Amino acid sequence: MRVITSFDDLDPVPWVNGAGETTELVSLAGSQALTPDRLRWRLSIARLDRPAEFSPLPGLARTFLPIGAEVVLEIDEQVQSVTPAAPARFRGEQKVSLVGLEDPCFALNLMVEVDDAAGAGAGAGTGAGTGAGGERDALEMSTRFTGRGLFAVSLNSVPGYARFQLLRLDEAEVLPDHFDAAVLH
């Protein structure tokens, strides 16, 4: 595994709506250098301190993973609990609010440009590069390593890796059992 970037080396920026702050690990433009055969994507770590509305981000499919705590989101007036084991997926134009938070925590956010011409929606794409019709697939995030992945984000500190580092995975690489990570594939 090779470190691409680290949360500790970056400065946070305000959310688009000003209701919080986030640290961008990869920008939409920066994603093109990392994965030129995929739809553009953005990866960030948000600080969650209090209930707040999410910034509207039309044209992006969002995957939201709380880290270290369960949270409650309201997505288009539907309330749902989101755990560190299973990310929530929604579109950037949906009305989303953080409505329940027991303790301050962080959240990993993957935002992928939506390719409506190819029929991609939130969570769409096979993650395999260029699709059969020539369209580019979307990067996806999961909390389980299935034997394939392009990148991993360390969710805790382990020997040799700090918390919230973006790591490039080699093709045959396997994550250690003790390594708590979100996998981008």
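It should be emphasised that the depicted structure is a prediction, and the values quoted were computed from it without experimental measurement.
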- Message: Against the six-membered ring of F151, is R2 placed for a cation-pi contact (under 6.0 Å from the centre, within 45° of the normal)?
- Response: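 Here R2 fails the 6.0 Å and 45° test against F151.
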- Task: I would like to know whether V71 and C105 meet side-chain contact (heavy atoms from CB on, under 4.5 Å); could you show each step before the answer?
- Result: CA-CA 9 Å; V71 301; C105 65; 4.0 Å; yes
Return the minimal non-hydrogen interatomic distance between [X] and [Y], and the atom names on each side.
{"X": "F164", "Y": "V153", "value": "CA-CG1, 4.3 Å"}
{"X": "A33", "Y": "P36", "value": "O-CD, 4.0 Å"}
{"X": "D103", "Y": "A69", "value": "O-CB, 4.5 Å"}
{"X": "A162", "Y": "D8", "value": "CB-OD2, 4.2 Å"}
{"X": "V183", "Y": "H185", "value": "O-CD2, 3.7 Å"}
{"X": "A88", "Y": "L73", "value": "CB-CD1, 4.2 Å"}

When rounded to the nearest 0.5 angstrom, what is the spacing between [atom1] in [X] and [atom2] in [Y]?
{"X": "L57", "Y": "F90", "atom1": "CG", "atom2": "CZ", "value": "9.0 Å"}
{"X": "R163", "Y": "N156", "atom1": "CZ", "atom2": "CG", "value": "9.5 Å"}
{"X": "E140", "Y": "R38", "atom1": "CD", "atom2": "CZ", "value": "8.5 Å"}
{"X": "S6", "Y": "Q165", "atom1": "OG", "atom2": "CD", "value": "4.0 Å"}
{"X": "D180", "Y": "L155", "atom1": "CG", "atom2": "CG", "value": "4.5 Å"}
{"X": "M141", "Y": "L43", "atom1": "CE", "atom2": "CG", "value": "7.5 Å"}

Going by heavy atoms in the side chains, are [X] and [Y] under 4.5 Å from each other?
{"X": "R62", "Y": "L110", "result": "no"}
{"X": "L10", "Y": "L25", "result": "yes"}
{"X": "L150", "Y": "T35", "result": "yes"}
{"X": "L169", "Y": "L184", "result": "no"}
{"X": "Y161", "Y": "M1", "result": "yes"}
{"X": "F106", "Y": "R47", "result": "yes"}
{"X": "V82", "Y": "P66", "result": "yes"}
{"X": "L167", "Y": "F179", "result": "yes"}

- Message: Salt bridge check, R42 against E113: does any charged N sit closer than 4.0 Å to a carboxylate O?
- Response: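 No salt bridge links E113 with R42.
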If hydrophobic clusters are built from ILVMFWY residues whose side chains come within less than 4.5 Å, do [X] and [Y] share one?
{"X": "F7", "Y": "L65", "result": "yes"}
{"X": "F64", "Y": "V79", "result": "no"}
{"X": "V16", "Y": "L28", "result": "yes"}
{"X": "L166", "Y": "L108", "result": "yes"}

- Query: Between V96 and E74, does a side-chain contact (heavy atoms from CB on, under 4.5 Å) hold up when you go through it step by step?
  - Reply: CA-CA 6 Å; V96 180; E74 184 176 307; over 6 Å; no
- Run the salt bridge (charged side-chain N to carboxylate O under 4.0 Å, His left out) check on K95 and E53 step by step: do they pass? CA-CA 8 Å; K95 183 173 173 45; E53 287 187 21; 3.6 Å; yes
- When you look at L34 and I4, which way does the side-chain contact (heavy atoms from CB on, under 4.5 Å) test go after all the steps? CA-CA 9 Å; L34 293 171; I4 302 293; 4.3 Å; yes
- How about T22 and W15: does a side-chain donor come under 3.5 Å of a side-chain acceptor?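 Judged by distance alone, the side chains do not pair up.
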- Item | Side-chain donor-acceptor pair present, S44, E24, cut-off under 3.5 Å |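 No - no donor-acceptor pair under 3.5 Å links their side chains.
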- Task: Just do the side-chain contact (heavy atoms from CB on, under 4.5 Å) check on L98 and L48 with the steps written out, would you?
- Result: CA-CA 9 Å; L98 174 66; L48 306 178; 4.1 Å; yes
- Q78 side chain vs I75 backbone, donor-acceptor pair below 3.5 Å: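 Side chain of Q78 to backbone of I75, a donor-acceptor pair under 3.5 Å: no, none is there.
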